[in-house]
Amino acid sequence: MSNETMKPLRAAEAVVGLTSPVYTVGPITRTDIVKYAGAGGDFNPIHHDEAWALSIGLPSVFAMGLFQGGLSSRLASDWIGLKNLTSFGTRFRSQVWPGEVLKIQGELTEVEPGPDGTAVKAKITVTNEDGTDVKVQAWATGVLAR
């Protein structure tokens, strides 16, 4: 990610509707996809073999869903704070193709002050560059110290 370091969210700033800074990643290359295949052990040819992907009717190889899941988890850990996270999940919506630029942003959907800190829930969305194609919807919960 070629973005500035994100400052973790503080409890005093947390309000429903607050959005995180946007992370931008890409353009995604075939090399990025192959590197992730090696790291994750996913060697399905739809992710690295262009000729095979074309032979089954795909327009190209595409990134594994966990690639985008990893990007959304990076935003969650940077924004909410790794030590503050209590849960994280993803739902894959659309493929990521070579050449695409991705935008990742979070939004607080729940904020609940309590005796042990402020509980927050965030929706995190990974989209294409113009925001018209949602790639991943993720959610993260955490407790921000007072």
Do Trp79 and Leu18 pass the side-chain contact (heavy atoms from CB on, under 4.5 Å) test, and can you show the C-alpha distance, the side-chain angles, and the key distance before you say yes or no? CA-CA 11 Å; Trp79 190 39; Leu18 179 70; 4.3 Å; yes
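- Under a hydrophobic clustering in which Ile, Leu, Val, Met, Phe, Trp and Tyr are joined whenever their side-chain heavy atoms come within less than 4.5 Å, directly or via other members, Leu102 and Tyr36 fall into the same cluster.
- Across every non-hydrogen atom of Met6 and Pro21, the tightest pair is CE-O, 3.8 Å.
- The shortest heavy-atom contact between Gly69 and Thr90 is CA-CG2, 4.1 Å.
- Shown here for Thr125 and Thr127, the closest heavy-atom pair between the two residues is CG2-CG2, 3.5 Å.
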side-chain contact (heavy atoms from CB on, under 4.5 Å) assessment of Phe88 paired with Ser72: CA-CA 10 Å; Phe88 178 80; Ser72 58; 3.5 Å; yes
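- The CG atom of Asn84 sits 8.5 Å away from the CG atom of Leu9 when rounded to the nearest 0.5 Å.
- How far CD of Gln137 is from CD of Gln68: 12.5 Å, rounded to the nearest 0.5 Å.
- Hydrophobic clustering (ILVMFWY, side-chain heavy atoms < 4.5 Å, transitive): Leu144 and Val16 are in one cluster.
- Interatomic distance, NZ of Lys135 versus CH2 of Trp97, reported as 8.5 Å (0.5 Å rounding).
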Assess whether side-chain contact (heavy atoms from CB on, under 4.5 Å) is satisfied between Val111 and Thr118, documenting all intermediate values. CA-CA 7 Å; Val111 175; Thr118 299; 3.6 Å; yes
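- Of all heavy-atom pairs spanning Ile104 and Leu75, the tightest one is O-CD1, 3.5 Å.
- Atom CD of Glu129 has 12 or fewer neighbouring heavy atoms from other residues, nucleotides or ligands inside a 6.0 Å radius.
- Using a 4.5 Å heavy-atom cutoff, the side chains of Ile56 and Ile46 are in contact.
- Atoms CD and CG, on Glu100 and Asp130 in that order, are 9.5 Å from each other to the nearest 0.5 Å.
- Considering all non-hydrogen atoms of both residues, Ala76 and Ile124 come closest at CB-CD1, 3.5 Å.
- Counted by atom type alone, Ser60 and Glu50 present one or more donor-acceptor pairs between their side chains at under 3.5 Å.
- Within the model, atoms NZ of Lys123 and CD of Gln105 stand 10.0 Å from one another, a figure rounded to the nearest 0.5 Å.
- His48 has its side chain out of reach of Val61: every pair of non-hydrogen atoms, C-beta onward, lies at least 4.5 Å apart.
- Linking ILVMFWY side-chain heavy atoms closer than 4.5 Å, directly or via other members, places Val120 and Val143 in two distinct hydrophobic clusters.
- By the 6.0 Å contact criterion, CD on Glu13 is enclosed, its count of non-hydrogen atoms from other residues, nucleotides or ligands being greater than 12.
- Residue Asn44 comes nearest to Trp52 through the heavy atom pair OD1-CZ3, 4.4 Å, listed as atom of the first residue, atom of the second, then distance.
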Assess the residue pair Ile28 and Phe67 against the criterion (side-chain contact (heavy atoms from CB on, under 4.5 Å)); give the C-alpha distance rounded to whole Å, side-chain angles, the decisive distance to 0.1 Å, and a yes or no. CA-CA 11 Å; Ile28 303 302; Phe67 179 84; 3.8 Å; yes
